[in-house]
Structures are given as C-alpha cells and as structure tokens.
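Just below is one structure, and these are the notes that go with it.
Small disclaimer: the values here were computed from a predicted structure and weren't measured. Throughout, numbering of the chain's residues begins at 1 and tracks the sequence.
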Amino acid sequence: MNRTLHKALVTGGAGFIGSHLVEKLVDQGCEVTVLDNLSSGHMANLASVADRVAFVKGDIKDDRTLNKVSKGCQAIFHQAAVVSVTQTVKEPLSSALVNDLGTIKVLDAARRNGVPRVVIASSSAVYGDAPQLPKTESMNPAPLSPYAVQKLTNEYYADLYCRLYGLETVCLRYFNVYGPRQDPSSPYSGVISIFMLRAANGVAPMIYGDGRQTRDFVFVEDVVQANLLAAATPAAAGRVFNVGTSNSVEINQLWQMIAAMAGCTMTPLYDQPREGDIVHSLASIQRAKEILGFQPSISFEEGLRRTFQWYRQSGQQRSE
Ligand code: UD2
C-alpha cells in the first residue's frame, strides 16, 4: 500500500458494504464522513462506529451537501446507489437520477474540490449473460438491465473524468457480495442472506431453476480490502477491476452448506428459473491481483460461518 488515508468520504456508508468499509477506515485512523439518505441503509449498521464518524443524512443528488462533505478528502468511496436490479427495471428514470446523475455529481464534486481519487462501486452486471467464463475486464460489456447500463455508464464517466480532468478514478466490479448485515428482507436480496434467514427460521428455501447455476461469492471484508487497495495504488487510476474470488459455488450446494451449519434437514422447494437469471458467473481476478495486489483472504466456509453467526446473534431470524 502506498498512501495513507487521513480523510475520506463514503457515500452509502450506512449500507451493507459501505458500513463495513467505514468500520475499517475508522479502525485505520481515517477521519470518515458518511453521506447516506437512509433509503436502503440503516443507522444500526454504523452502531460500532457511531461516535467516531461524521454522519450526514443527505442525498448524492444534492450538490451543496456533496460540496460540503467532499472538501479536504483524499478519497471518496462511492457506494450509494439504487442497488436493486428489479427496482431499476420498474423505475428506470428515478434510478438513473441516482445511479447516473448522482454518480456524475460525485465525480464533479471531487473535481471541484481537489479530491484526488474516487473509487466507484460497479457490478458484474455489466457482463450480462455473455457465455465466456471467467469474466475478464477486457470482455465486451452486455448490460441487460437499467442497473447494468447505469453501472457501465458510471465506468465510462469515471474514465472520462480521469482523462479529461486528471481525477484518479477506480471502478470495482463487485461479483456476489455476502456477509453480516446484508438485508434479507426482499425477494431480490442476496441469495445467501435469504437462505440464512430461512435456515435460522426452519423454513425451506425456494430454489429457482434446477439449482445448478453458479455464482462467485465474495465476502464483504474482501470487498473492503479491494476498496482500500483501489484507493492506495497509484497504478489503479483510470482502471476497472473485477472483485470476486475466482471460485464458484452451485446454488444447491450453497443450501446444503448453510443447512448443515444450521442443523436443518428441510428439502428445498424448486420453482421456475427467475426471469433474466444468468446461469454461471465467475470472475477472473488476475488484473486485481497483479495491479492492486488483491487476494481474497476469507474462505467461503469461513465467510458463511461468520455470516450465519451474525444472523443468529442479530435476531434477523425474527424478521421474515
Ligand atoms: C447479482 C447481484 C445483482 C446484479 C447481478 C448481475 C447480489 C445480491 N445481486 O444478482 O445486483 O449485480 O448479480 O448479474 O449480489 N436464488 C434462489 N433462491 C432465492 C434467491 C436467489 O434460487 O431465494 C438464486 C437466483 O435465482 C440466482 C442465484 O440464486 O440464480 C443468485 O441470486 P442473487 O439474487 O443472490 O444474485 P444474482 O446473481 O441474481
């Protein structure tokens, strides 16, 4: 790591991924401002650092707020977004105002205020269902939802801001992120959070399709690691990186692992494949390894154990 961060802004810092990033930055002695409108984030996610961060309840669409919170920062970690693919399909316009225009506003606030670096949360969604595996950053993108188009647009703007204005931007294409605090409450929440809740409640899971589809699940702490490296590595500027593990897990196998952990014996129910579902997703993390020095450190078994422990302890099992 080549740079120490003294002051940073995390947009969406009260969300699932953002709050883990905030905790880590605070642990490292960084002065952190969180900007979050609490539309999908929760103050409870920041409980462990509440008295050590500056929390601003506000919107990334609000230029004045953005201006204020970005002053003096060495980096902005832009995690705020409409994160539900389905919601962007239902509301292409309002989601674009946040995911497209909001991101441009974040980039421009950085430019105006002399913030040297912006790390942007992108998504494996930009690959669509292109059959090539593993997905490499040099593949042609094939976005299939407003969400994917918005994330890809973010990447193009990030690249432009780097070329036109010298703003150091780094985009991270997250694969399937999981871990403590992931919200399981919607049918479109991450499959691990849903299965954890089902297992804790003794309710059989629903598997869409034959369950042979696979995903590259990456533990949230490793995503935090990727963000910190992206902020600190000079050669990362202007680049896009996959953030996954290069390992994939079948959905059937995922349930078996969670059921074994929870001591459940229920048999899953099966339904039609979910519309628009891709069959396989797997990241090549070669570029992140070579340029960022990224190396996932939490095995899938360990990540699942930590996540399950959190669902058990946090009382999430009562909320379904
Ligand atoms: C992930 C991202 C999404 C987008 C997309 C791009 C998450 C949570 N979502 O969606 O934001 O980037 O990738 O491709 O990371 N499943 C079941 N039963 C359930 C829930 C899910 O069988 O109760 C299946 C689902 O049909 C899918 C797999 O599990 O095949 C993973 O589903 P997901 O919603 O966790 O994530 P994904 O890959 O669709």
Side-chain angles (χ1 to χ4, degrees), residues 9-13 15-18 20-21 40 60 75-85 87-88 92 95-108 110 117-130 134-163 167-178 190 215-218 220 222-231 233 236-246 278 281-289 291-292 294 296:
L9 167 67
V10 182
T11 71
F16 159 50
I17 300 172
H20 283 274
L21 178 57
S40 58
I60 55 167
I76 298 176
F77 296 92
H78 178 41
Q79 308 293 313
V82 174
V83 291
S84 157
V85 175
Q87 196 179 331
T88 69
S95 62
L97 288 176
V98 179
N99 292 354
D100 285 334
L101 195 60
T103 299
I104 301 171
K105 286 183 180 231
V106 169
L107 289 168
D108 212 62
R117 188 163 285 220
V118 181
V119 180
I120 295 182
S122 183
S123 168
S124 62
V126 301
Y127 293 114
D129 61 2
K135 312 288 187 197
T136 57
E137 295 88 342
S138 53
M139 284 171 60
N140 282 334
L144 295 172
S145 61
Y147 177 78
V149 170
Q150 290 155 7
K151 289 293 175 182
L152 189 59
T153 307
N154 288 183
E155 293 184 1
Y156 286 139
Y157 270 101
D159 182 56
L160 264 186
Y161 268 71
C162 193
R163 288 169 196 274
L167 177 66
E168 298 172 354
T169 54
V170 186
C171 296
L172 300 178
R173 291 179 175 170
Y174 298 163
F175 278 66
N176 289 63
V177 187
Y178 73 102
R215 292 293 183 273
D216 185 332
F217 293 107
V218 56
V220 65
D222 284 323
V223 175
V224 168
Q225 184 210 141
N227 272 274
L228 298 181
L229 290 167
T233 309
R239 307 296 302 265
V240 168
F241 298 93
N242 286 342
V243 178
T245 64
S246 279
I278 56 168
S281 176
L282 177 66
S284 160
I285 55 169
Q286 206 52 40
R287 184 185 285 183
K289 277 185 175 171
I291 298 177
L292 300 179
F294 172 68

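By the salt bridge (Lys or Arg N to Asp or Glu O under 4.0 Å) test, Asp159 is found to be paired with Arg163, residues two or more places apart in sequence or in another chain being considered.
The existence of a salt bridge linking Arg239 and Glu137 is excluded, since no basic side-chain nitrogen approaches an acidic carboxylate oxygen closer than 4.0 Å.
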Check against side-chain contact (heavy atoms from CB on, under 4.5 Å), Val149 and Thr153: CA-CA 6 Å; Val149 170; Thr153 307; 3.9 Å; yes
Gln150 vs Ser95, side-chain hydrogen bond (donor to acceptor under 3.5 Å, both in side chains): CA-CA, chis, key distance, verdict: CA-CA 9 Å; Gln150 290 155 7; Ser95 62; 3.0 Å; yes
Pair Ile17-Tyr174, side-chain contact (heavy atoms from CB on, under 4.5 Å): steps then yes or no: CA-CA 10 Å; Ile17 300 172; Tyr174 298 163; 3.7 Å; yes
Residue pair Thr11, Phe77: steps toward the side-chain contact (heavy atoms from CB on, under 4.5 Å) verdict: CA-CA 6 Å; Thr11 71; Phe77 296 92; over 6 Å; no
side-chain contact (heavy atoms from CB on, under 4.5 Å) between Cys162 and Leu167, worked out: CA-CA 5 Å; Cys162 193; Leu167 177 66; 5.7 Å; no
Intermediate values then yes/no, side-chain hydrogen bond (donor to acceptor under 3.5 Å, both in side chains), Asp216 and Ser281: CA-CA 6 Å; Asp216 185 332; Ser281 176; over 6 Å; no
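Taking CZ of Phe294 as the reference point, atom CG of Asn242 lies at 10.0 Å (rounded to 0.5 Å). How far CG of Leu152 is from OH of Tyr127: 10.0 Å, rounded to the nearest 0.5 Å. Between the CG atom in Leu9 and the CD atom in Gln79 there is a gap of 10.5 Å [rounded to 0.5 Å]. Going from atom NE2 of His78 over to atom OG1 of Thr103 covers 3.0 Å, rounded to the nearest 0.5 Å. From Ile76, atom CD1 reaches atom CZ of Arg117 across 13.0 Å, with rounding to the nearest 0.5 Å. Distance check, rounded to the nearest 0.5 Å: OG of Ser122 to CZ of Arg173 gives 6.0 Å.
For the pair Leu172/Ile120, no side-chain contact is recorded, criterion being any heavy-atom separation below 4.5 Å from C-beta on.
Because its NZ or CZ atom is not both nearer than 6.0 Å to the ring centre of Phe175 and within 45° of the ring axis, Arg215 does not count as a cation-pi partner of that residue.
The aromatic rings of Tyr157 and Tyr161 sit tilted relative to each other, their planes meeting at an angle between 30° and 60°.
Of all heavy-atom pairs between Gly244 and Ala283, the closest is CA-CB, 4.2 Å.
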